[in-house]
Amino acid sequence: MNHWLLKTEPGAFSILDLEAAPDRTAPWDGVRNYQARNMLRDAMKLGDRVLFYHSVTDPGVVGLAEVVREGYPDHTAWDEGHEHFDARSTPDRPLWFMVDIRLVERFASPLALKFLRTVPDLANMELLRKGSRLSVQPVRTREFEVILDLAHGADRGGRE
DNA sequence: GCCAACGTTGGC
DNA sequence: GCCAACGTTGGC
């Protein structure tokens, strides 16, 4: 069982959009980066858990989701006129892939990036690395658990 | 808006 | 294959 973090600009697709989707499930489409593509296509497995991260405005981890469908071709790349159209990708030879995720929970209080930077157990997290841009990132099990504990209010003494 | 970090493109 | 130029991401 692997753990992941998915990054999105809430202006494009936010956790509220996922929450409002039928069955709280939506395709994670539009990724156009090869490293991220490889993880979507090959490494993310059914039942894997995923941290949902908002970038740019109020950056932070805002919820938990799970993979409910493994990698399959991102058909938005075939759609001329679609924002993420890419003529190099075809149904015969798809270039880009996506997974479906379902929302498990939206955190009552999001964990701000600037707070996460203060947590010693997260010091080596990819998200916190300077210049980290990957929109699909693996998360170590330990880091994942620490974040869930923080989101659930464990070890908050004196901080609120 | 600034700018550092990163990925991609394309000339050679 | 190298690498400069360029475009994008994303924190601040």
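Quantities reported herein were computed from a predicted structural model and do not represent experimental measurements. Chain letters run A, B, ... following the sequence lines, proteins first, then strands; residues in each count from 1.
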**Complete:** Nucleotide by nucleotide, nucleotides 3-12 of chain C touches protein heavy atoms under 4.0 Å in the pattern (B base, S sugar-phosphate only, - none) ----BBBSSS
**Prompt:** For Arg32(A), which contact category applies under a 4.0 Å heavy-atom criterion: base, sugar-phosphate, or nothing?
**Reply:** nothing
**Message:** Among residues at least two apart in sequence or on other chains, which ones pass side chain to side chain donor-acceptor pair (under 3.5 Å) with Thr76(A)?
**Reply:** Arg32(A), Asp74(A)
**Request:** Could you tell me whether Asp58(A) atom CG has more than 12 heavy atoms of other residues or ligands within 6.0 Å of it?
**Result:** no
**Prompt:** Should Leu103(A) and Phe107(A) be regarded as members of a common hydrophobic cluster, given that ILVMFWY residues are connected when their side-chain heavy atoms come within less than 4.5 Å of each other, either directly or indirectly?
**Reply:** no
**Aromatic Phe144(A) / basic Arg140(A) pairing, under 6.0 angstrom, 45° off normal** = no
**Item:** Glu19(A) atom CD: more than 12 heavy-atom contacts under 6.0 Å
**Value:** yes
**Message:** Can you confirm whether the side chains of Thr57(A) and Glu9(A) place a donor and an acceptor under 3.5 Å from each other?
**Reply:** no
**Message:** Report for the helix from dG1(B)-dC12(C) to dC12(B)-dG1(C): angle between first-end and last-end helix axes, five pairs each, rounded to 10 degrees.
**Reply:** 10°
**Asked** Does the distance from a Lys or Arg side-chain N to an Asp or Glu carboxylate O, for Arg49(A) and Glu66(A), drop under 4.0 Å?
**Response** no
**Asked** Do side-chain atoms of Arg106(A) reach the backbone of Ile15(A) as a donor and acceptor pair under 3.5 angstrom?
**Response** no
